[in-house]
Amino acid sequence: QVQLVESGGGLVEAGGSLRLSCAASGRTISNFRMGWFRQAPGKEREFVAAVSRSGVTRYYAESVKGRFTISRDNAKNTVYLQMNSLKPEDTANYYCASTFDNGNIYSRNYDYWGQGTQVTVSS
């Protein structure tokens, strides 16, 4: 019902910046809380950031606070993740996800997922 497509990944040096985009189709995302997760090889998928339906409330993993910013443009049906001061440990495949319910926003049990976009940070 909701298709999510991430873009904007790539190779960047430590300390650099990158902006990821998540374009949604099929349904308006205004009724969904949106999140970003990431997964590195051999590790579990982990929560990165999330944003409320209105875009007013934002949530971040401790590891990215002060460096990453999540935002949304409901008119464009798009969610963004601005990543600054990137570190090698940020290297991972980044996934966009949406959830309808008002449960644990940090949970991986979101309703819809994109295919991911690779972010690689060199030291």
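The closest donor-acceptor contact from the side chain of N77 to the backbone of R27 lies under 3.5 Å. Judged by distance alone, the side chain of R72 and the main-chain N or O of S52 form a donor-acceptor pair under 3.5 Å. A donor-acceptor pair under 3.5 Å is formed between the side chain of N74 and the backbone N or O of R53. Counting only distance, with no hydrogens or angles, the side chain of N93 and the backbone of Q39 share no donor-acceptor pair below 3.5 Å.
Nearest heavy-atom pair, N109 versus S107, reported as atom, atom and distance to 0.1 Å: N-OG, 3.0 Å. Considering every non-hydrogen atom in both T91 and Q118, the closest pair reads CG2-NE2, 4.1 Å. Residues A14 and P88 share a closest heavy-atom pair of CB-CD, 4.2 Å. The two atoms that bring I29 and A24 nearest to each other are CG2-CB, 3.3 Å, heavy atoms only. Here the closest heavy-atom approach between residue M34 and residue C96 is recorded as CE-SG, 3.9 Å.
Once rounded to the nearest 0.5 Å, the distance linking OG of S85 with CZ of R67 reads 7.0 Å. Interatomic distance, CG of L4 versus CD of Q115, reported as 10.0 Å (0.5 Å rounding). The distance from the OH atom of Y80 to the CD1 atom of I70 is 12.0 Å, given to the nearest 0.5 Å.
Considering L20, L81, L18 as possible partners of F68, the one that fulfils the side chain to side chain contact (heavy atoms under 4.5 Å, CB included) test is L81.
Pairs engaging residues 1-10 under the side-chain hydrogen bond (donor to acceptor under 3.5 Å, both in side chains) rule: Q1-Y112, Q3-S25 [sequence neighbours left out]. Under the ring-ring contact (aromatic ring centres under 6.0 Å, His included) criterion, the residue pairs touching residues 4-57 are F32-F100, F37-F47, F37-Y110, F37-W113, F47-Y106, with sequence neighbours excluded.
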**Prompt:** Can you list the steps and then say if N84 with R19 is a side-chain hydrogen bond (donor to acceptor under 3.5 Å, both in side chains)?
**Reply:** CA-CA 9 Å; N84 298 326; R19 189 178 79 154; over 6 Å; no

**Request:** Could you please spell out the steps behind the side chain to side chain contact (heavy atoms under 4.5 Å, CB included) verdict for E46 and R108?
**Result:** CA-CA 8 Å; E46 65 177 359; R108 289 175 290 180; over 6 Å; no

**Message:** Working note: V12 + M83, criterion side chain to side chain contact (heavy atoms under 4.5 Å, CB included); need CA distance, chi angles, decisive distance, verdict.
**Reply:** CA-CA 11 Å; V12 64; M83 305 184 294; over 6 Å; no

**Request:** List the steps, then state whether side chain to side chain contact (heavy atoms under 4.5 Å, CB included) holds for R38 with S63.
**Result:** CA-CA 12 Å; R38 66 187 183 187; S63 60; 3.5 Å; yes

**Request:** Go through the steps to decide whether D111 and V2 satisfy the test side chain to side chain contact (heavy atoms under 4.5 Å, CB included), and finish with yes or no.
**Result:** CA-CA 9 Å; D111 298 305; V2 178; over 6 Å; no

